[in-house]
Amino acid sequence: MIRKFLLYFRQAFALMKEDKQYSAIYIAGTAVAIASAMLVAIILNIQLANIYPETNRDRTLYVQSFFVNPGATFARHFGFSPEGVDELFRKLECVETVSVSASDNFIYDFKACIELGKQELPVCVNFTDDAFFRLYSFRFVAGKPFTEENVKHGDKCIVITDVLARKMWGNESEAVGKSLLLNYLPYRVVGVVKEVSPLLRKSSADVYSPYSVKDSNMHYIDSENRYQGDLVVSVLLKKGFTRQMMLDELEPHKARILSELKSTTGIDYQWEIIARPHWAESMIMFFGSASDYSTSQMLRNLLLPVLLMLLFLLLPAINLSGMVSNRMESRVAEMGIRKAFGAKKRVLLGQVMQENLVLTLFGGIVGYALSCGVVAAISSNPMFLTFFQREYDLVDSVSVQSGMFFTPIMFLIVFVCCVVLNLMAALIPSWTSLKRPIVESLNQKK
């Protein structure tokens, strides 16, 4: 089998040399088709794949709290207070790590400088906790993360990116232990991490600071309900546990807190805890219900991008099919001779398909490289960034990591796209040509 494929591979190369114009047009057409389809696939990959430092997306849940006071005229989504996080999530058996942030909707903008009067840089600050560096797999190039004690006491200590460290001090190691002014207040740098692309909106920032640095009272929204606050919870489940298992484990804690609130406030609160898996957070840009987290809903959300990919492959395949048909017309006599010597139609069809597959694979490689280049080129474009609900990177141009493009799944998608395109473009004209009688094929003029 391998020897036969290598034989077809060499024959495909010989045909490419024989008709360079046909081969160039075929490869270029394939490259455009694959590049168009791969743009959609790359966007999905950035949204869903495990990429540094969000290497546990498949086990990550984003949790919000929804309290309803029956006597209120309106209801709002809220997060949790620090006490609510401790009472609900810290004791769960199915949870590996619990991290909180002061806000999930935006990153705070600050001005950073080394000294007053020196050049100021706009930076994004994420107010979070020490568990944030266990939830996400940050690579520390210098120093270490701030600790639980730092969070508890509201210490003004920060972790910054290597890009910001180089802009401020020239290199990463110089930054640790130094003071950085954020909106003219001094913060001590305790660690430096490898920069995270702003395309990964959950983990990206220029500066990471304990959320308790801000006034701790602001994390409690309701004076009567001490469990209601502005903190958004991110949960990393232990391996083998599911979202539903965590919600089931939360139920007795939730019932106990509701009973306590009713006895102390007299208010019969209604309380819903919303836990979104990472894919649900990312896929709500497509049609479908954001509150349905079933596998069927995920497949429905994937329907639109898959249809787009098929459309991008189908339209060029029609043109390529015409080219293959013309190419087969020029080879009719050759095929007639081979059939006269006993070659079966399925063997000839397999050879033609494999020859076209070689050309398609070359076009796929070119198209994949082209799509990666396009994404890298437009990654700072505001319209492109709307896919990721993230603002333009304030410190540096938006970085694009290799892990966003080069994953086993992406290679599989490229190969599948090539095979599908090859089948759509070459199967019908090749089969139609090979169905001709031997005598007609032998009499065909070249």
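Side-chain contact check for L237 versus N56: every heavy-atom pair is 4.5 Å or farther apart. With contacts defined as side-chain heavy-atom distances shorter than 4.5 Å, the pair Y136/Y52 does not qualify. The shortest side-chain heavy-atom distance between I114 and L181 does not fall under the 4.5 Å cut-off. Using a 4.5 Å heavy-atom cutoff, the side chains of S203 and L200 are in contact. Between L231 and S101, the closest side-chain pair of non-hydrogen atoms is not below 4.5 Å. Two residues are said to be in side-chain contact when any heavy atoms from C-beta on lie closer than 4.5 Å; V233 and V98 meet this criterion. The shortest distance between side-chain heavy atoms of M168 and L121 falls below 4.5 Å. Residues S23 and L359 are in side-chain contact: their nearest non-hydrogen atoms beyond the backbone lie under 4.5 Å apart.
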Inset, instruction - Mind running side-chain hydrogen bond (donor to acceptor under 3.5 Å, both in side chains) on S173 and N171 for me, showing each step along the way? - result: CA-CA 6 Å; S173 58; N171 62 70; 2.9 Å; yes

Inset, instruction - Starting from the C-alpha separation in whole Å, work towards a yes-or-no answer on side-chain hydrogen bond (donor to acceptor under 3.5 Å, both in side chains) for Y269 and Q228. - result: CA-CA 11 Å; Y269 284 102; Q228 187 172 326; 5.3 Å; no

Inset, instruction - Under the side-chain hydrogen bond (donor to acceptor under 3.5 Å, both in side chains) rule, what do T55 and S137 come out as? Steps first, then yes or no, please. - result: CA-CA 7 Å; T55 54; S137 305; 2.8 Å; yes

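Without hydrogens or angle criteria, D129 side chain to V100 main chain gives a donor-acceptor distance under 3.5 Å. Of the possible donor and acceptor atoms, none in the side chain of N183 sits under 3.5 Å from a partner among the backbone N and O of F110. K91 contributes no side-chain N or O that, together with a main-chain N or O of E87, makes up a donor-acceptor pair within less than 3.5 Å. Of the possible donor and acceptor atoms, none in the side chain of S204 sits under 3.5 Å from a partner among the backbone N and O of R201. With hydrogens and angles disregarded, no donor-acceptor distance shorter than 3.5 Å links the side chain of S259 to the backbone of R256. A donor-acceptor contact shorter than 3.5 Å links the side chain of T147 to the backbone of N150.
The distance from atom CD1 of I267 to atom CG of L261, rounded to the nearest 0.5 Å, is 8.5 Å. Here the straight-line distance linking atom NZ of K254 with atom CG of L88 works out to 9.5 Å at 0.5 Å rounding. Here the straight-line distance linking atom CG of L236 with atom CD of E96 works out to 4.5 Å at 0.5 Å rounding. To the nearest 0.5 angstrom, R188 atom CZ is 12.5 Å from K156 atom NZ. A distance of 8.0 Å separates CD of Q47 from CD1 of I43, quoted to the nearest 0.5 Å. For the atom pair CG of D155 and OG of S212, the computed distance is 7.5 Å after rounding to the nearest 0.5 Å.
With a 6.0 Å radius and a threshold of 12 heavy atoms from other residues, nucleotides or ligands, Q244 has its CD atom above the threshold. No more than 12 heavy-atom neighbours from other residues, nucleotides or ligands sit within 6.0 angstrom of NZ on K194. In E148, the CD atom is not crowded: 12 or fewer heavy atoms of neighbouring residues, nucleotides or ligands sit closer than 6.0 Å.
Relative orientation of the F132 and Y208 rings is tilted, given thresholds of 30° and 60° on the angle between their planes. Ring-plane geometry between Y22 and Y26 is classed as tilted, the angle between the planes lying from 30 to 60 degrees on a 0 to 90 degree scale. Using a 30° and 60° split on the angle between ring planes, Y62 and H278 fall in the tilted class, from 30° to 60°.
Checked against salt bridge (Lys or Arg N to Asp or Glu O under 4.0 Å), E54 has the following partners two or more places apart in sequence or in another chain: R57. Partners of R134 according to the salt bridge (Lys or Arg N to Asp or Glu O under 4.0 Å) rule, which considers only residues two or more places apart in sequence or in another chain, are D130.
Checked options Y211, F89, Y227; the residue passing with F80 is F89 (criterion: ring pair (Phe, Tyr, Trp, His ring centres under 6.0 Å)). Remark: of the listed residues L250, I274, I273, I273 is the sole one forming a side chain to side chain contact (heavy atoms under 4.5 Å, CB included) with V63. For the side chain to side chain contact (heavy atoms under 4.5 Å, CB included) with L92, the qualifying choice from M245, E249, K238 is E249, the only one to do so. Shown are F127, F146, Y187; of these, the side chain to side chain contact (heavy atoms under 4.5 Å, CB included) with P210 is made only by F146.
Closest approach of P277 and L61 over heavy atoms only: CA-CD2, 3.7 Å. Here the shortest heavy-atom pairing between L370 and A35 reads CD2-CB, 3.8 Å.
Judged purely by distance below 3.5 Å, without hydrogens or angles, the side chains of D206 and T161 never pair a donor atom with an acceptor atom.
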